[in-house]
Amino acid sequence: MAILINDDKKIFTLQTRNSTYQMKVGDFGYLYHLYYGKRIDHQDLSYLLYDGPSHFAPYPYESKNRVGSLTLMPQEFPTVGTGDLGSVALDVENADGTRIIDLKYKGYEVLDGKYSLTELPSFYAHDNDAQTLKITLVDVVSDIEVELYYGVFEDKDVITRAVVISNLSENAIQIKKAQSLSLDLISGQYDLIHFHGRWADERNFERVPLTHNVTTFGSDYGISSAKENPGFILLDKNTTEETGNCYGFNLVYSGNFQATAELGTLEQSRITLGLGDNEFSWQLDPGAMFEAPEAIMSFSSTGLTQLSHNFHDAIRENLCRNKYINGPRPVLINNWEATYFDFTGKKLLEIATAAKDIGANLFVMDDGWFGKRSDDNSSLGDWFVNEQKLGCSLNELVTKINTLGMEFGIWFEPEMVNEDSELYNAHPDWVLNFPQRKPLLSRGQMVLDMSKEAVQNYLFDRISDVLDSANVSYIKWDMNRPITEWYSKSLTDKRQGELQHRYVLGLYKLLGRLTRRYPDVLFEGCSSGGARFDLGMLAYEPQIWTSDNTDAINRLKIQYGTSFFYPISTMGSHISASPNHQNGRVTPFETRANVAMAGTFGYELDVTKMSDADKKQAKTYTDFYKRVQEMTFNGDYYRLVSPFDRNNDVMAWQIVSKDKSQSLVTIVATDVVGNPPFVYIKLRGLKSDAKYKIKNHIYSGDALMNAGLKLMQPKGNYPSEQIYIEEASNSK
Ligand code: GLA
């Protein structure tokens, strides 16, 4: 049983295979958080609660002995105005101007399966692999009810959370802040790992100690952003990849978000995660309800690798939806870095023909096929095929590519518009902009008001027309600028604070309509590379372009940071030209291939210009990738050497099939020295008592994991080595 209730003591325990989460209705009906950590069976943990004096801290009026201050007690869902002086999860302004919501326990329900949200994406259950606990809290004065949902995926060691706020009163209230997750840990000293970055340098790993200052990070970019990712980790000081306690948190959301982490006055730790509250406010009318996005959390007592595996398994199996997630994913060739805007149908066909020979089976036509777009100054919004540029209709081009035996994919940037476009001329009021002011431009473009139904309908019709006109099997859904003008003409002045969230709801509505209508089309997310790499997008698009930076060496850090939460099967990763277009670095073909193989593999270069030697190598790599794709996508990922560790001149990772019969190890040298030592790497995740074959040698699992493998002596420019390992009895 995943959910255990002690009705007498009002204790709620969520049990997963290796973790326990416990809450209790405490003094005066407040819901306290007791514990989240390594699994504990049959224990009321309320003895951990603070029962000392409140001193000068504010305590509830009903408290006869001056105890029970909410700033000292661990809260399940801290709220404004109740004497909790940390970062609260819920802040409202009532109709009379008061800033208080005092939530007390009302009741609970245990539901079979996993709850879902009405307007937001969320994790889903298979064959009852999840159970739901719903706890209802109420403020009896203002008549506001809050439902806390917990989705318990027992076998996956994952718990999801959602919050639904209902206004049962006669008056509208303003929600000023609504977080999806708050967690108070009574004891412990923690570090925080978060993933920050910028364009072409996404998801850098940073580990910092938790302090008494509130650490706040998030995004005000309108997208989850390259600046910070919503996924972050709290961990014991001594936790490593292989040992120690750690907690991971992430949000199923693609817009502005905010996370906080702080130490309280009694050294308790609090973290919160949810919608960004900068400029946010939401009018909740009488009878209305508000859903906060879903959050997901997991705990591992055996280090960061296990934490990542928990997230990877849940994301692959309980979030991504698409026919491609269980079958082979195509190897794509994208023409962006091959041609940029400068192409014709003939050129595209030449690239596709050459790419077919190296084993690619999906050709993707990137930016520049629509309106009169020949650079990035015009035509976004005019999703009409430029037949003059292609020299034929889309259907003719797709038919030719299909005849080669390749599928066809196409690029869109639906949320955007250029001033120089038919769409802008017809509907200047569809753009997000402040009245009487000139908009800020970014890459020469403006953002459409996705909260508007007319905009959603226009995009649905335009995209559907293109998809219906030819045999298109893939869409790259791009979004290339931050959103800065939060003003919609369809909202009243008082409701402008709702726009940030309404934008994301509009985007999800459109994506939901399109993915339902075209269930066989593979969607890949993109946002100037990886600026919207989040669980919200992954619910619709099972793969995301990880970064516009295709340099294999820079990618080591980007893919390493991304791997903490997101599985290999979600990370778009391509072989591009050398010298690299972003940083000019020269790398050998095999290193570019080995790095691209740790993702949804593809090519992003002019194949017609590749040397015969490179083409031959490419075909070998593509064939090998297809052979091991099932293992790399569904297996377990191990970070062996960190690229953020300055003491290392190599980076290494390993993928192991779930049955531990196959594995792939990759090392890449990021620097070389004179008289180099051999690189020795200890492998992980194998069966210690099994025999494994590497090339023509047999090793025991024990030896590979404890003594390690002797690998190359790195020489030359960024050499790399990839080793395929197979259980000896399984070798064919
Ligand atoms: C963004 C994407 C690229 C490419 C260009 C096209 O930068 O990240 O992959 O599609 O847009 O304009």
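Every number for a ligand or one of its atoms is a count from 1 in the order of the listing.
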- Pair listing, ring pair (Phe, Tyr, Trp, His ring centres under 6.0 Å) test, anchored in residues 593-619, at least two apart: Phe601-Tyr603, Phe601-Tyr625
- May I have all residue pairs that pass ring pair (Phe, Tyr, Trp, His ring centres under 6.0 Å) and include part of residues 438-480, sequence neighbours excluded? Trp430-Tyr458
Show the distances, to 0.1 Å, for all pairs joining an N/O atom of ligand 1 and a protein N/O atom that are shorter than 3.5 Å, listing one pair per line.
| from | atom 1 | to | atom 2 | distance (Å) |
| --- | --- | --- | --- | --- |
| ligand 1 | 7 (O) | Asp548 | OD2 | 2.9 |
| ligand 1 | 8 (O) | Gly529 | N | 2.9 |
| ligand 1 | 8 (O) | Asp548 | OD1 | 2.5 |
| ligand 1 | 8 (O) | Asp548 | OD2 | 3.1 |
| ligand 1 | 9 (O) | Lys476 | NZ | 2.7 |
| ligand 1 | 9 (O) | Asp548 | OD1 | 3.4 |
| ligand 1 | 10 (O) | Asp366 | OD1 | 2.6 |
| ligand 1 | 10 (O) | Asp366 | OD2 | 3.3 |
| ligand 1 | 10 (O) | Trp411 | NE1 | 3.0 |
| ligand 1 | 10 (O) | Lys476 | NZ | 3.0 |
| ligand 1 | 10 (O) | Asp478 | OD2 | 3.3 |
| ligand 1 | 11 (O) | Asp478 | OD2 | 3.0 |
| ligand 1 | 11 (O) | Asn480 | ND2 | 3.1 |
| ligand 1 | 12 (O) | Asp367 | OD2 | 2.6 |
| ligand 1 | 12 (O) | Arg443 | NH1 | 2.9 |
| ligand 1 | 12 (O) | Arg443 | NH2 | 3.0 |

- Message: For Asp201, give me all partners under side-chain contact (heavy atoms from CB on, under 4.5 Å), at least two apart in sequence or on another chain.
- Response: Arg198, Asn204
- Does the ring center of Phe384 lie less than 6.0 Å from the ring center of Trp369? no
- Query: Taking the six-membered ring where the residue is Trp, are the ring centres of Tyr253 and His501 under 6.0 Å apart?
  - Reply: yes
- Message: Under the criterion side-chain contact (heavy atoms from CB on, under 4.5 Å), I'd like the reasoning laid out for Leu349 against Ile401: C-alpha separation, chi angles, the key distance, then a yes or no.
- Response: CA-CA 7 Å; Leu349 198 60; Ile401 285 177; 3.6 Å; yes
